[in-house]
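Structure record follows, encoded as structure tokens.
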Amino acid sequence: MKSLWTKHTVIPKRERLTGEIKTETAVIGGGMAGLLTARLLAESGVSVVVLEAARIGSGQTKHTTAKITSQHGLIYDRLAEQFGMEAAGQYAAANEKAISEYRRMVKEYGIDCHFTESSAYLYSCENRKAKELAKEAEGAKALGITAEFTTKTELPFPVAGAVCFHGQAHFHPLEFLKRVAEGLTIYEKTPVLSVEGGLVRTDGGTVTAEQVVFATHYPFINVPGYYFMRMYQERSYVLAVDTENPAKGNGFLPEGMYYGVDQNGLSLRSADGLVLVGGESHRTGENREGGRYQKLMEQAKGLWPDCEERFRWSAQDCMTLDGVPYIGKFSAATPNWYVATGFGKWGMTSSMAAAMMIRDAITGRENPNAKVFSPERFTPSASAKNFISGGLHMVRDLSREIFALPRAMTEELPCGHGGVVEYEGKKVGVYKEENGEIHVVSVRCPHMGCQLEWNPDEKSWDCPCHGSRFDYRGKRIDNPAQEGIK
Ligand code: FES
């Protein structure tokens, strides 16, 4: 399941960290947010070291649909109502500035990453939502965004209404990242084991830094910060389809970027002669039935009966309780730690906005848009209430042991299937490969003990609490868990 972005891009490998080094800022995480932060700090004359557990760009950055937009669902009208015009204005300005900053970097660094100016559309096919979209367009306009309500789009179906944001863009994220990383001090295959003050320990060495930036998608330190109480994760799926049928002349390659706000609304954009069709979101750990890619393909076939799938991939997104990312001081108890997380489905723009805000905080510049993103807006008691009412499944009494299962139990399982089985009052996860080989793992999440659920679309064990994921052999795929399952 490789994404389109990995088709041609080869990013040079970096060494592991060995020994002890000192720097002004250590950035943990070599995705878009981490590398942009490092690049902007380096531009400001700050010495910076990036520590990446695997390879740079190997996490969510390669799974994005790479839209650079300040259009983040139906958000502006709601933000203005809930937080006030000033806060909503900060959110809008931070994201609009992030788009301009991408433009600047692409130009100044001469980056060949297919950066394309484009309009972004939020659309609905339901008449009852047209009013809401019109309100969103007015709300965005009042905050300084060049937006308008329209019923005309390039989509191959009628819409009841759409909000169009002008002056947005899309690009090839890995080609951009590759160039941004050039010349930075980066250590790969260097997972961080612990952070105490400014001392960052890895299994090969240490970094002593004046500031530490956590840009690890989901923070892996539970306390302080308590990010596990204020974020969950969602998965969504993308197909890159070829809609060209020369005989019928019915190819479809939209110039704009589209995001549907209806129940089964699709995300659409073109890239490399293909259409990226995204959707089928669900909370991580809640996909027992599977069939997400098939459902997406059914929708694509409904629009272009002759279309063919070329690539498929999935994304994992951190969702905050109020829909605004956490960017800024990690916690009151750790004045020299910074965090960038909770970007929802808007990772590209949020990464740049985060990099600009953290650069400003570290270099002592005032950033007029930082307040609305401050992680300190979190109140543990209120958030815990929201989080619990969100339907978490906290299970703490699962066995840590793995034991032999009776042959009859595993024989019943069809090849290529997995699931949780109960044996002598204890639950374990079983997956049977196509060749009949059986893999048995603990279904206790090593992060905080929730019960993992089988994800048949990706043959993985996923945690419904905070979204850690593991392959069928137990190897960790996604954090916040720091280790695999037994
Ligand atoms: Fe937190 Fe699983 S990710 S308990």
Side-chain angles (χ1 to χ4, degrees), residues 28-29 31 53-54 59-60 63 191-195 214-236 281-288 314-321 325-326 330-331 339 341-344 375 378 380 383-402 418-420 426-431 440-486:
I28 306 173
Q60 300 313 315
H63 291 150
V192 169
L193 304 177
S194 68
V195 187
F214 292 81
T216 53
H217 187 63
Y218 200 117
F220 59 87
I221 288 182
N222 292 332
V223 180
Y226 299 92
Y227 288 91
F228 67 91
M229 286 178 74
R230 38 174 153 168
M231 286 201 302
Y232 64 95
Q233 300 202 63
E234 275 192 12
R235 298 199 64 67
S236 57
S281 292
H282 62 84
R283 189 180 180 123
T284 303
E286 295 184 354
N287 188 34
R288 274 192 204 176
S314 58
Q316 170 109 327
D317 299 309
C318 290
M319 316 302 284
T320 66
L321 298 174
Y326 298 121
F330 190 95
S331 77
V339 68
T341 188
F343 297 166
F378 167 72
S383 298
K385 206 169 127 215
N386 285 345
F387 210 47
I388 288 159
S389 67
L392 286 187
H393 322 290
M394 294 296 289
V395 179
R396 294 179 178 281
D397 59 351
L398 296 170
S399 169
R400 278 185 172 276
E401 302 136 39
I402 291 297
V420 178
K426 290 174 180 170
K427 291 176 176 170
V428 289
V430 183
Y431 171 63
V440 183
V441 296
S442 163
V443 286
R444 179 188 171 103
C445 178
H447 178 231
M448 295 182 81
C450 291
Q451 180 180 315
L452 303 172
E453 295 289 343
W454 179 243
N455 177 350
D457 287 324
E458 305 184 85
K459 302 200 187 322
S460 61
W461 292 102
D462 298 356
C463 182
C465 287
H466 317 110
S468 295
R469 298 179 60 241
F470 310 85
D471 73 13
Y472 61 81
R473 291 188 171 89
K475 190 177 164 223
R476 191 193 64 136
I477 305 171
D478 284 311
N479 64 359
Q482 285 297 284
E483 55 191 294
I485 43 177
K486 295 182 183 179

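Scope of the values below: all heavy atoms of this structure, side chains included, with no hydrogens, waters or symmetry mates. One-based numbering, in listed order, for ligands and for the atoms of each.
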| task | Among D462, T284, N479, find the residue that satisfies the side chain to side chain donor-acceptor pair (under 3.5 Å) test when tested with Q316. | result | T284
| request: Give the ring-plane orientation class for Y431 versus Y472, where under 30° counts as parallel, over 60° as perpendicular and anything between as tilted. | output: tilted
| field | Metal site atom 1 (Fe) of ligand 1: N/O/S of C465 inside 2.8 Å | value | no
| request: Can you sort out which atoms of ligand 1 are near S468, meaning under 4.0 Å from one of its heavy atoms? | output: 3 (S)
| query | Which atoms from ligand 1 have a heavy atom of C450 less than 4.0 Å away? | reply | 4 (S)
| note | Atoms of ligand 1 under 4.0 Å from any heavy atom of H447, numbered from 1 in the order shown, are 1 (Fe), 2 (Fe), 3 (S), 4 (S)
| query | For H282, does its backbone N or O pair with a side-chain atom of E234 as donor and acceptor, under 3.5 Å? | reply | no
| Presence of N, O or S from C445 under 2.8 Å of atom 2 (Fe) of ligand 1 | yes
| query | Under 6.0 Å between the ring centres of F330 and F214? | reply | yes
| query | Of all heavy-atom pairs between V339 and P219, which one has the smallest distance, and what is that distance? | reply | CG2-CG, 3.9 Å
| task | Could you list which atoms of ligand 1 come closer than 4.0 Å to a heavy atom of M448? | result | 4 (S)
| So does C463 have any N/O/S atom less than 2.8 Å away from atom 1 (Fe) of ligand 1? | no
| field | Closest approach to atom 1 (Fe) of ligand 1 by H466, given as the N, O or S atom name | value | ND1
| field | Pairing of R469 and E458 as salt bridge, 4.0 angstrom limit | value | yes
